[in-house]
Amino acid sequence: INQNNYFKLRDIALVLRGTEKQFNVTWNGEVGAIDMKSHTGYLPVGGEMSRGNGLTKQGILNKSPLFKDGKQVEVTGYTINQNNFFKLRDLGELFDFNVSWDGNRNSIVINTAESYDPSN
């Protein structure tokens with residue numbers, strides 16, 4: 001979206017599970033908010049890492065409040081098919097993992113052993 005990579009929040013939580021940068025994601029239905037808790041293993045709810053169908057989808061700007069460790073954070077997200085997608089670099093900054101581009105492999109690299117570096 002707008003030349004940025006957005007990923008499903010629960011997919012990133014699953015990928016980072018077991019690392020020192022792991023976090024859990026829950027939905028707080030009482031207040032209509034997304035809660036993320038650092039240093040807590042992610043508990044899958046089903047549908048994580050599912051393959052898309054390759055068709056273009058409509059992203060709707062996410063209006064749900066987002067909390068990290070009880071404090072509200074402001075990052076741009078989109079809801080697509082009832083899933084929340086956030087910019088990978090924003091998540092890297094929030095949870096202090098490095099995100100970089102490997103042009104030789106044409107790949108995005110997540111490194112939990114390195115701190116977030118906005119210059120990558």
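Numbers here simply count residues along the sequence, with the first being 1. Hydrogens, waters and symmetry mates play no part in the numbers below; they use all other heavy atoms, side chains included.
By the 4.5 Å heavy-atom criterion applied to side chains, I34 and F86 are counted as neighbours. Residues N5 and K87 are not in side-chain contact: their nearest non-hydrogen atoms beyond the backbone lie 4.5 Å or more apart. Annotation: side chain of L61 is in contact with side chain of Y78 (closest heavy-atom distance under 4.5 Å). Two residues are said to be in side-chain contact when any heavy atoms from C-beta on lie closer than 4.5 Å; R10 and Y42 meet this criterion. Using a 4.5 Å heavy-atom threshold, the side chains of E114 and S100 count as separate. With contacts defined as side-chain heavy-atom distances shorter than 4.5 Å, the pair I110/K21 does not qualify.
A distance-only check finds a donor-acceptor pair linking the side chain of K68 to the backbone of L94 [under 3.5 Å]. Judged purely by atom type and a 3.5 angstrom limit, D96 uses its side chain to pair as donor or acceptor with the backbone of Y116. At least one donor-acceptor pair closer than 3.5 Å links the side chain of N24 to the backbone N or O of L43. No donor-acceptor pair under 3.5 Å is formed between the side chain of N81 and the backbone N or O of N83. A donor-acceptor contact shorter than 3.5 Å links the side chain of E48 to the backbone of G46. Without hydrogens or angle criteria, E93 side chain to R89 main chain gives no donor-acceptor distance under 3.5 Å.
Here CG of L91 is found 10.5 Å from OH of Y6. Values are rounded to the nearest 0.5 Å. Rounding to the nearest 0.5 Å gives a distance of 10.5 Å between OG1 of T56 and CD1 of I80. Distance check: D11 CG to M49 CE gives 5.0 Å after rounding to the nearest 0.5 Å. A distance of 7.5 Å separates NZ in K37 from CG in D69, rounded to the nearest 0.5 Å. Atom CG of D35 and atom OG1 of T26 lie 4.5 Å apart (nearest 0.5 Å). Of the inter-residue distances, the one linking E20 atom CD with T112 atom OG1 reads 6.0 Å to the nearest 0.5 angstrom.
Across all their heavy atoms, P65 and G32 have their closest contact at CD-O, 3.2 Å. Contact between R17 and G41 at its shortest, heavy atoms only, is CG-CA, 4.4 Å. The minimum heavy-atom distance linking N98 with S115 is given by the pair CB-O, 3.5 Å. For the residue pair D117 and S119, the shortest heavy atom distance occurs at OD1-OG, 2.6 Å.
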Q: Report the C-alpha separation of I108 and W101 in whole Å, then their side-chain angles, then the decisive distance to 0.1 Å, and conclude whether the side chain to side chain contact (heavy atoms under 4.5 Å, CB included) test is met.
A: CA-CA 5 Å; I108 298 167; W101 175 252; 3.9 Å; yes

Q: Show the numbers, then the answer: is there a side chain to side chain contact (heavy atoms under 4.5 Å, CB included) between V45 and V25?
A: CA-CA 10 Å; V45 297; V25 178; over 6 Å; no

Q: Go through the steps to decide whether F23 and I12 satisfy the test side chain to side chain contact (heavy atoms under 4.5 Å, CB included), and finish with yes or no.
A: CA-CA 9 Å; F23 63 96; I12 299 302; 4.2 Å; yes

Q: Starting from the C-alpha separation in whole Å, work towards a yes-or-no answer on side chain to side chain contact (heavy atoms under 4.5 Å, CB included) for V99 and N120.
A: CA-CA 7 Å; V99 177; N120 282 338; over 6 Å; no

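N53 CG: more than 12 foreign heavy atoms inside a 6.0 Å radius. In Q58, the CD atom is not crowded: 12 or fewer heavy atoms of neighbouring residues, nucleotides or ligands sit closer than 6.0 Å.
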